[in-house]
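Everything below concerns the one structure shown next.
Fair warning: this is a prediction, and the values are worked out from it, not measured in the lab.
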Amino acid sequence: MSTTSEKDQQVHEHHALELESEFEHEPVPLSRRRSLGSVSAVWFGFPMIITNAVFGGTTVYGLGFWRGISAIIIGNIILLVYVGSLSYIAGRTGKNFALTAAETFGRHGATIAAGFLSTVVIGWFAFQTGLTGSTLHTSLGLNETWMILIAGVLYIAITFIGIRALTVIGLIAAPMFVVLAVVALVLAARNGGLSGITSYQGGGPGATVFSLGAAVTITIAGFADSGTMTADFTRWSRSGREAVMAAFTAFPVANFISLLVGGLVVAAGKAVDPATNGGDFLPILTSHGPVLSVIAVVFVFANLGSVCCHCLYNGAVGWSQLTGGKMRVLTVVLGLVGLVAALAGVWSYFSDWLNLLGIFVPPIGAILIVDQVLRRRGGVRAVRAWRPAPFVAWAVASIGSYAVHVFAPQLSEAVAGLVLGGVVYAVIDALSPSTAPEPASVPAA
């Protein structure tokens, strides 16, 4: 009897150590869905990053404290509605982004839409991996190339494990950010460092951000790509409702906290070169002894590793579905491509990268929301090879968004893209002859 029990225990431990299926090519079955806490940890740990503190700092530096915080709040409300709606679709169907896009853009059309985003996020992976090395070099004088190489290999290895590893790194990265951010603010508060922050008027003519609209775009663009691809994470939710709740922990909760911390650092006058480095609070930590410096090294790897692993996971899931490959194989291949790009110094093009995200990405999600949430209301249609309507809407919205960027920079091109993409697609779809959608074949949220 004891022998049988020992064998059962060994079998259980063996399965526990196995890498579970990532369901690249099919919806996640209900029996394999994960708890609300588990999926929330994936999303909550994603925006809680030092990069967001940089964004929040540059926003407050450009607009002053209250206008900067207003822009951050507006951007987060938009992200809540945007990512929440896309998450609802994912939790209801269990489909990843590429499978979801196929219903709207068509089987071959999804290759363009999903392929574009799955490539964009690898660029983000490359930037954040390079930023890991650059940050450690600037803050502590460590060899930048070696830090990038070590970080890239580490992030690829973590992503290789799959969604389970994203949950764990989220549970590590988010609390570390909160604790160290509080420590940095406490240190900054010495000698009245936080007094008068609400009266901070910004950095003047040399500030990076000049308008409320531009600041809203920065807030949205930071997560426009992976926010649009939220289905890769929230398809693991047990229902559409739980998927929305998981997204809520990221937008506005985690995203607002991380942006606010950066804004507070700049408003307190404790940021080093806020026009460029925003509210990066690492210099505050590393200037207060070797213990905090060592902790800061661990923090950088865990913190930026969170966003890197999430982005690499997005890219690997997307391209595995589009190519018929395996997520873990694509993780290694795309990870190495991103690592090479990081070593080549890709972060020098970061401002252009944000412009790309703010202009071309939001219309994709808006079209999916209008098509699958508003127009079809949960119904499904047979997947065609191509559907031209969403591409027309995407093109019109992108052109309109770019026009806002060039001719009306005081406005938000990201918001323009969202509105134009949704409205144009709704009009085209309403005027197009179509058959009624079939009843939903998935459980209701």
Side-chain angles (χ1 to χ4, degrees), residues 18-44 46 82-107 110 113-114 117-118 121 159 161-167 170 226-250 310 313-328 330-331 364-365 367-369 371-383 437-445:
E18 285 183 344
L19 294 175
E20 62 181 337
S21 171
E22 294 299 319
F23 298 100
E24 305 97 322
H25 309 295
E26 59 184 334
V28 178
L30 285 173
S31 61
R32 302 296 293 276
R33 306 288 182 93
R34 305 174 73 87
S35 68
L36 174 60
S38 176
V39 180
S40 295
V42 173
W43 248 132
F44 183 79
F46 196 174
Y82 180 69
V83 180
S85 299
L86 293 170
S87 295
Y88 176 80
I89 298 171
R92 182 177 55 80
T93 64
K95 294 181 178 180
N96 61 36
F97 173 75
L99 288 172
T100 302
E103 288 193 23
T104 296
F105 288 87
R107 185 173 60 256
L117 281 184
S118 298
V121 289
T159 309
I161 298 173
I163 194 69
R164 184 187 303 172
L166 298 190
T167 300
S226 286
T228 304
M229 301 179 77
T230 181
D232 292 344
F233 311 130
T234 48
R235 64 194 169 115
W236 296 91
S237 297
R238 294 173 296 194
S239 68
R241 185 177 298 107
E242 287 198 2
V244 174
M245 293 171 67
F248 177 82
T249 66
H310 282 73
Y313 185 82
N314 279 141
V317 170
W319 277 112
S320 63
Q321 205 287 317
L322 296 174
T323 62
K326 293 291 186 180
M327 186 281 290
R328 292 184 172 90
L330 269 299
T331 292
I364 299 175
I367 291 166
L368 289 176
I369 292 169
D371 182 51
Q372 300 193 28
V373 177
L374 301 181
R375 294 290 299 166
R376 291 193 283 126
R377 299 180 182 276
V380 296
R381 67 159 66 91
V383 178
E438 301 172 7
S441 57
V442 293

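- Ring geometry for F233 against H310 counts as perpendicular: the plane angle is over 60°, on a 0 to 90° scale with 30° as the lower cut.
- For R328, the side-chain contact (heavy atoms from CB on, under 4.5 Å) criterion is met by L19, E22, F160, not counting sequence neighbours.
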- Test side-chain contact (heavy atoms from CB on, under 4.5 Å) on D232 and M327 and set out the steps. CA-CA 12 Å; D232 292 344; M327 186 281 290; over 6 Å; no
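- The heavy-atom pair separating N314 from S226 by the smallest distance is OD1-OG, 2.7 Å.
- Counting only distance, with no hydrogens or angles, the side chain of R92 and the backbone of I89 share no donor-acceptor pair below 3.5 Å.
- The backbone N or O of S35 lies less than 3.5 Å from no partner atom in the side chain of S38, so there is not a single donor-acceptor pair.
- Looking only at side-chain heavy atoms (C-beta outward), M229 and S118 come within less than 4.5 Å of each other.
- With R33 contributing its side chain and V28 its backbone, the two residues share a donor-acceptor pair below 3.5 Å.
- Looking only at distances, no side-chain donor or acceptor of R34 sits under 3.5 Å from a matching main-chain atom of I163.
- Contact check for W236 versus T167: no side-chain heavy atoms found under the 4.5 Å cut-off.
- Proximity of T234 to W43: side-chain heavy atoms (C-beta onward) are separated by under 4.5 Å at one or more points.
- For the atom pair Q321 CD and E24 CD, the distance stands at 9.5 Å (nearest 0.5 Å).
- Nearest heavy atoms, A98 versus A110: O-CB, 4.0 Å.
- In this structure, CG on L86 lies 4.0 Å from CD1 on I369, to the nearest 0.5 angstrom.
- Annotation: side chain of I364 is in contact with side chain of F105 (closest heavy-atom distance under 4.5 Å).
- In terms of heavy-atom proximity, T100 sits nearest to A231 at OG1-CB, 4.4 Å.
- Looking at every heavy atom in both residues, A247 comes nearest to V83 through CB-CG1, 4.1 Å.
- Under the salt bridge (Lys or Arg N to Asp or Glu O under 4.0 Å) criterion, E242 pairs with R238, sequence neighbours left out.
- Closest approach of A246 to V39, counting heavy atoms only: CB-CG1, 3.7 Å.
- Closest of all the heavy-atom pairs between V244 and G84 is CG2-O, 3.4 Å.
- In terms of the salt bridge (Lys or Arg N to Asp or Glu O under 4.0 Å) criterion, R107 has no residue partners (sequence neighbours excluded).
- Taking CG from L330 and OG1 from T159, the interatomic distance works out to 12.5 Å, rounded to the nearest 0.5 Å.
- Side chain of T230 to backbone of G227: no donor-acceptor contact under 3.5 angstrom is found.
- Using a 4.5 Å heavy-atom threshold, the side chains of S320 and K326 count as separate.
- A donor-acceptor pair is defined here as one N or O able to donate and one able to accept, closer than 3.5 Å; no such pair exists between the side chain of N96 and the backbone of G318.
- Note that the CG atom of L99 and the CZ atom of R235 stand 8.5 Å from one another [nearest 0.5 Å].
- Between T228 and Y82, some side-chain heavy-atom pair lies under the 4.5 Å cut-off.
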